[in-house]
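Input: a single structure, listed below in structure tokens.
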Protein chains: 2
Amino acid sequence: MKEIANKAGVSVSTVSLVLNGRDEGRVKSKIADNVRAIATKLGYQSNPLASSLRTGRTHILGFISEEVATTPYAGGMILGAQTAASQFGYMLITVSTDGENSESEEIAALKRYGTDGFLYAKMSNRITHVPSSLAKTPLVLVDATDSLGKIPSVEPDEFQIGYDATTRLVKAGCARIAYVGCLEPLIAQDDRLEGYQAALRDAGLDYDDHLVVNVLNNGPALTAVSDLFDAEHPDGFFCFNDARAWYVYECAARRGLTVGKDISVVGVDNHRVFAETLEPMLTTVELPHFEMGYWAVAKLVSIIEGRSMDDVSWPATTAPLPPIDAPIPAKIHCTLIEKASVK
Amino acid sequence: MKEIANKAGVSVSTVSLVLNGRDEGRVKSKIADNVRAIATKLGYQSNPLASSLRTGRTHILGFISEEVATTPYAGGMILGAQTAASQFGYMLITVSTDGENSESEEIAALKRYGTDGFLYAKMSNRITHVPSSLAKTPLVLVDATDSLGKIPSVEPDEFQIGYDATTRLVKAGCARIAYVGCLEPLIAQDDRLEGYQAALRDAGLDYDDHLVVNVLNNGPALTAVSDLFDAEHPDGFFCFNDARAWYVYECAARRGLTVGKDISVVGVDNHRVFAETLEPMLTTVELPHFEMGYWAVAKLVSIIEGRSMDDVSWPATTAPLPPIDAPIPAKIHCTLIEKASVK
DNA sequence: TTGAAAGCGCTAACAT
DNA sequence: ATGTTAGCGCTTTCAA
């Protein structure tokens, strides 16, 4: 900057003003242009650390995720967040906390670097108790719901997921539609189940809880789904995610049933691998991970900078994003992707 | 720091010396102890940005990954890297570059923040051309091989993986052992295939390339594996990863064959989801993702600080890590995890 | 063995 | 409309 000031014959303060775009009506436009020209010629790159020292703003965002980065879930979320961050001139520091133990330490470490704000992400939409160390900083939850409903959050529309998936199976002519759900107490599980029930109701079908099995992602699951096959002979399956869809595939294969012909399956695409491998067999509801990440960052930046983000151009999305000032918590609409598993 | 200096009745320079552990023989130990005590009492946290401004060291490491963070592969790698980073007092900034396009931009952004060094990770061990923007900085490759063999890298022992997996199948009494490999040109693919061949040779079995199918992770794969079943009737399968193992499971199920009874399967556990879901059916070779990440960071730190890392205590590992000064590229030994799929 | 002082690169109040 | 000056929190000569 000193070098630029010399070449331009002005002071560093002027250079600072110009390069920060605060020269409107303060610096003669001719001088300003000259400064800008010299800066580009010299390939000047501001030192964000130095300005941070003065302004207290680091343009660093902390992305705290419980396993999100380390498990197949929600990969696109980070990509979306990163895209938004770099678009808005921020840097994203992603921290995966394995258990609850290291979490506060990691947060403390981030804070020492002067993080401007935090994103707090969970693996699957659930009621979340936010660590107290995050209380006083700008914060946005991703795929999680604040227990008090006071913290901004970005979530998929879980009810709609259940409703759309089930409706698709109804339209495919399925009469005995099963739900292979999740045993953990998740918002995602509860709301999708409600969507499933509502769709059945709207289609004039009775809800029968014998057609619902909630399982974990482990050994007993296969037995449970197997029993469901034999006891209820469902012809349609709405699966909580693609890992659970696998159990249906395995059971079908063992019984000589073909997915897309004898039975229909719609699953939520949570683990990309499954969906890719089962493709083109699995019809999926796509979770808008990228959009959630992107929008959460946009929201966080709007909070930090105290300005509306209405002027940002959203990246291509699978579904229109709600306005940035939408009520909290805001739901993102999910899209049903048709493949070949529904007859 | 000023506050500490006041309370201790010394100058900030002294405080700086003490708090940086450079007081040996320079500051009276009584004063030093007093300073330390006051610092802890006050809960002093150094401002890393301010010291960076002076020292040019940020203690920030850039982790550049092509999709690593966004796909199921190699999740533990980031966790391992993060663990090591925080243990050595570094912060890890993870950047996922989707294609080649944004990569140089992201690197530039990281460099502006004064990153001390970089990790460059790939999804699967392959010959890698390192971007020129990374040429002049401390750099360690993770699960990748430098085309010139001059850049430090941390990789799994791919040959050993193939050898161990195949040998396990031989010991289970399999006589017709197939390899379901990967169609892409990867170090992982080539070396594992060699390991497979070597193990057959050592067991006195003939290598027959009809028993090898290399597939991508998509539609045609299922057909290819299906054809392999019908044409060759293998009784053992070594699979490049768990996604490919799924095809074997699907084919076996459709033919009324039971894995672990009629056929045996050993696969490399690349996507945790599959392995978890197929559990306890799939015998896996575990890729030491965590260890690779951890060790890569340790190596990078040793380069940056110009010191040996011999004194660091490694975290619990599946296998002993090679010495930090091991020849480049260094291979990490992988561990075979026994489950129930091998009769 | 300690302290005073300069300065890392930048911003912002205050002068002019 | 521009320049001067004083720091942000820390490290590091250099002098005492």
Side-chain angles (χ1 to χ4, degrees), chain A residues 1-39 42-60 89 91 108-116 304-305, chain B residues 1-36 38-39 42-60 89-91 109 111-116 304-305:
Chain A
M1 251 176 72
K2 214 185 286 178
E3 203 179 328
I4 298 176
N6 281 342
K7 296 227 182 196
V10 294
S11 76
V12 280
S13 353
T14 309
V15 176
S16 175
L17 280 178
V18 172
L19 262 30
N20 286 320
R22 333 249 237 72
D23 54 314
E24 201 72 359
R26 324 243 285 100
V27 179
K28 267 209 291 243
S29 63
K30 204 174 159 185
I31 294 189
D33 287 345
N34 187 230
V35 167
R36 268 184 283 266
I38 295 179
L42 259 46
Y44 169 76
Q45 300 279 150
S46 85
N47 178 337
L49 269 66
S51 43
S52 299
L53 194 56
R54 194 64 244 250
T55 60
R57 282 279 160 78
T58 53
H59 281 216
I60 293 176
M91 200 81 239
L110 278 174
K111 278 193 164 173
R112 296 210 295 135
Y113 273 87
T115 319
D116 287 344
I304 292 170
E305 305 190 351
Chain B
M1 252 176 71
K2 214 185 286 178
E3 204 180 327
I4 299 176
N6 280 341
K7 296 228 178 193
V10 294
S11 74
V12 279
S13 352
T14 309
V15 176
S16 175
L17 279 179
V18 172
L19 262 30
N20 286 320
R22 333 247 239 72
D23 55 313
E24 201 75 355
R26 326 243 287 99
V27 179
K28 268 209 292 247
S29 63
K30 205 175 160 186
I31 294 192
D33 287 344
N34 186 226
V35 167
R36 269 184 282 268
I38 295 181
L42 258 46
Y44 169 77
Q45 301 281 148
S46 85
N47 179 338
L49 270 66
S51 41
S52 300
L53 194 56
R54 194 69 239 255
T55 60
R57 282 276 160 82
T58 55
H59 280 216
I60 292 177
Y90 282 74
M91 198 81 241
K111 279 192 163 174
R112 295 210 295 133
Y113 273 87
T115 319
D116 287 344
I304 292 171
E305 305 189 351

Open item on the list: Under 4.0 Å, counting only non-hydrogen atoms across every strand here, what does A:Gly56 touch: a base, just sugar-phosphate, or nothing?
Closed with: nothing

Task: Shortest non-hydrogen contact from B:Glu3 toward B:Leu42 - done: OE2-CD2, 3.7 Å

TODO: Please determine, for the side chain of A:Arg54, which listed nucleotide (D:dG9, D:dC8, D:dT11) has the closest atom?
DONE: D:dC8

Task: Neighbour count above 12 (heavy atom, 6.0 Å) for B:Arg26 CZ - done: no

Open item on the list: Rounded to whole Å, please give me the gap between CD in A:Gln45 and C1' in C:dC10.
Closed with: 15 Å

Open item on the list: Would you say that more than 12 heavy atoms from the other residues, nucleotides or ligands in this model lie under 6.0 Å from the NZ of A:Lys7, or not?
Closed with: no

- [ ] Let me know, please, whether A:Pro48 or B:Ser29 comes out on the 5' side of the other along DNA chain C by nearest nucleotide.
- [x] B:Ser29

Task: Nearest-nucleotide 5' precedence on DNA chain D, B:Arg26 against B:Leu49 - done: B:Leu49

- [ ] Round to the nearest Å and state the distance from B:Arg112 atom CZ to C:dG9 atom P.
- [x] 15 Å

- [ ] Specify the residue among B:Gly25 and B:Leu53 whose closest nucleotide of DNA chain C lies further upstream toward the 5′ end.
- [x] B:Gly25

Open item on the list: Do the side chains of A:Arg36 and A:Asp23 get close enough for a salt bridge, i.e. N-O under 4.0 angstrom?
Closed with: yes

TODO: State, yes or no, whether a side-chain contact exists between B:Ser16 and B:Met1 at a heavy-atom distance under 4.5 Å.
DONE: yes

Open item on the list: Nearest to the A:Tyr44 side chain among C:dC10, D:dG9, D:dC10, which nucleotide is it?
Closed with: C:dC10

Task: Nearest non-hydrogen partners of B:Ala32 and B:Val18, listed with the distance - done: O-CG1, 3.6 Å

Open item on the list: Whole angstroms only, please: what is the CD-P distance between A:Glu24 and D:dA1?
Closed with: 11 Å

- [ ] Have a look at B:Ser52 and say if it touches a base, only the backbone sugar-phosphate, or nothing, with a 4.0 Å heavy-atom cut-off.
- [x] nothing

Task: Interface with DNA chain C, restricted to residues 1-22 of chain A and to heavy atoms under 4.0 Å - done: A:Met1, A:Ser13, A:Ser16, A:Asn20, A:Arg22

TODO: Would you tell me if any nitrogen or oxygen in the side chain of A:Tyr113 comes within less than 4.0 Å of OP1 or OP2 on D:dG9?
DONE: no

Open item on the list: Nearest to the side chain of A:Lys28, heavy atoms from C-beta on, is which of D:dC10, D:dA1, C:dT1?
Closed with: D:dA1

- [ ] For B:Asp23 and D:dT11, give me the distance from atom CG to atom C1', rounded to whole Å.
- [x] 15 Å

Open item on the list: For B:Ser11 and B:Thr14, which I'm curious about, is there any donor-acceptor pair between the side chains at under 3.5 Å?
Closed with: yes

